[in-house]
Visitor: 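This is the structure I have questions about; it appears just below.
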There are 2 protein chains.
Amino acid sequence: MISLTADYALRAMLLIARPETVRALRADEIADATGAPRNYMAKVLNAVAKAGLITSARGPTGGFTLAVPARQITLGRVIDLFDTVPLNSRCMLGNGPCDPSCPCRAHAAWQAVVGARRLPFLNTTIADLLEGRVAPHAIHNAPESLNVA
Amino acid sequence: MISLTADYALRAMLLIARPETVRALRADEIADATGAPRNYMAKVLNAVAKAGLITSARGPTGGFTLAVPARQITLGRVIDLFDTVPLNSRCMLGNGPCDPSCPCRAHAAWQAVVGARRLPFLNTTIADLLEGRVAPHAIHNAPESLNVA
DNA sequence: CGAGATACTCATATGCATATGAGAAACTCG
DNA sequence: CGAGTTTCTCATATGCATATGAGTATCTCG
């Protein structure tokens, strides 16, 4: 699941990064195109700008522009700005946090599953989506840390 | 992201399915062990029971028991009971639903990413977690429908 | 059959994500 | 430098996930 706010941000990024977009897009344009409420989208865009992924400019001819090439912006980088993992310290089995030196049986496997879920976001860029391309790494490769058994 | 409610359900299932669990577990036992509020966990367990994954029994010696072998219960089957995908009909580009016969450029790629994120849940079972095992399919194989480009 | 134990149900409270409204700050351009 | 345009900020409203409390239904066992 991805929060509605993160979804707004992603759609906004896709709009701004589209090759046919040549000038800065205003917040209300982006809001209209994405279906998000105007002021809410403004807040979302502001957060993305603070993170350095887009640039904001006020006044006439103002609006939002990419600050980083679309090929370098992964979906995870956008989504993680809003959907922070709360990381329940209680382990999947038992009633306390897992002792790192002696984790519960399910610990590593659960970590692997959670980690694997992040891969598609970490290995797909805004540019990939705009080109209708799926990076094979997004669905085929798992980092070393995921190899459990 | 996985909702707190779905997380409760998962932890409850793991407890009930543990090999050292020989009798029916009461709702309050499960609540205490998982850190969930008592009545809330009762409601969650009730929903899981209605879905047919566990069996409930009232009165003394009552409680909850697996209704299906742990090896046949995928994480997705549990989580999907609570975390229903709202499926924004508006496509990632443009302001309306994607025309199925002429989808937007990003359509298939986004579908692939979303689908890839479901794999770890669909291909991992309660039994897998209890045995600390990660099914290779959870992170390595993608179904045909995901091959886009 | 009665008492106690447990699941079940519903009405309501709370907190956070989402949304709204209005005003202040900063920019462009004539 | 003034007027208009836009981002930025904050105070507050709303809705839904989460949580709580109390009562009802159904079971076991003596």
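A note on names: the letters A, B, ... follow the listed sequences, proteins ahead of strands, and every chain is numbered from 1. Here the structure is a predicted model, which means the values were calculated and not measured.
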Visitor: Taking the nucleotide of DNA chain C with the nearest heavy atom to each, does B:Asp28 or A:Asp83 sit closer to the 5' end?
Guide: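 Nearer the 5' end of the strand: B:Asp28.
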
Visitor: Does a side-chain N or O from B:Asn46 land closer than 4.0 Å to OP1 or OP2 of C:dA7, or not?
Guide: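 Checking C:dA7 against B:Asn46, no side-chain N or O comes under 4.0 Å of OP1 or OP2.
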
Visitor: Rounded to whole angstrom units, what separation is found between the CG atom of A:Leu25 and the P atom of D:dT5?
Guide: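 One finds 19 Å between P of D:dT5 and CG of A:Leu25, rounded.
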
Visitor: What integer distance in Å separates A:Arg26:CZ from D:dC8:C1'?
Guide: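 The distance from CZ of A:Arg26 to C1' of D:dC8 comes to 17 Å, rounded to the nearest Å.
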
Visitor: Just to be sure I understand the rule, does A:Ala27 reach a base, reach only the sugar-phosphate, or reach nothing, if contact means heavy atoms closer than 4.0 Å?
Guide: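 It contacts sugar-phosphate atoms only.
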
Visitor: Rounded to whole Å, please give me the gap between CD in B:Glu29 and P in C:dT6.
Guide: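 The distance from CD of B:Glu29 to P of C:dT6 comes to 8 Å, rounded to the nearest Å.
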
Visitor: Not counting sequence neighbours, which residues clear side-chain contact (heavy atoms from CB on, under 4.5 Å) with B:Ala127? List them please.
Guide: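 B:Ala127 satisfies side-chain contact (heavy atoms from CB on, under 4.5 Å) with B:Ala70, B:Arg71, B:Thr125, B:Glu131 once adjacent residues are dropped.
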
Visitor: Quick one: pull up NE2 in A:His107 and CE in A:Met92 and give me the separation to the nearest 0.5 Å.
Guide: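 That separation rounds to 11.0 Å.
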
Visitor: Are the side chains of A:Arg18 and A:Leu14 in touch, meaning some heavy atoms are under 4.5 Å apart?
Guide: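 When only atoms from C-beta onward are counted, A:Leu14 and A:Arg18 do not touch, as no gap falls below 4.5 Å.
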
Visitor: For the pair made of CG in B:Leu45 and P in C:dA7, what is the distance, rounded to whole Å?
Guide: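 Atom-to-atom, B:Leu45 to C:dA7, this comes out as 8 Å.
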
Visitor: Mind checking whether B:Leu119 and A:Leu122 sit in one hydrophobic cluster, side chains of I, L, V, M, F, W, Y counted as touching below 4.5 Å?
Guide: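 No; A:Leu122 is not reachable from B:Leu119 via cluster members.
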
Visitor: Roughly how many Å is it from CD1 in B:Ile79 to C1' in D:dA17, rounded to a whole number?
Guide: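 In whole Å, D:dA17 C1' and B:Ile79 CD1 are 17 Å from each other.
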
Visitor: What integer distance in Å separates A:Met1:CE from C:dC16:P?
Guide: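 One finds 19 Å between P of C:dC16 and CE of A:Met1, rounded.
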
Visitor: Which letters describe nucleotides 19-30 of chain C, given B = protein heavy atom under 4.0 Å from base, S = only from sugar-phosphate, - = neither?
Guide: BBBB--BSBBS-

Visitor: In this structure, how many angstroms lie between the C1' atom of D:dT26 and the CZ atom of B:Phe64, rounded?
Guide: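 In whole Å, D:dT26 C1' lies 13 Å from B:Phe64 CZ.
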
Visitor: Could you work out, with side-chain contact (heavy atoms from CB on, under 4.5 Å) as the rule, every residue matching B:Ala6, not counting sequence neighbours?
Guide: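 In terms of side-chain contact (heavy atoms from CB on, under 4.5 Å), with neighbours along the sequence ignored, B:Ala6 is linked to B:Ile2, B:Ser3, B:Ile79, B:Phe82, B:Asp83.
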
Visitor: Could you tell me whether the side chain of B:Met41 reaches within less than 4.5 Å of the side chain of B:Asp28, counting heavy atoms only?
Guide: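 Heavy-atom side-chain distance check fails, nothing below 4.5 Å.
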
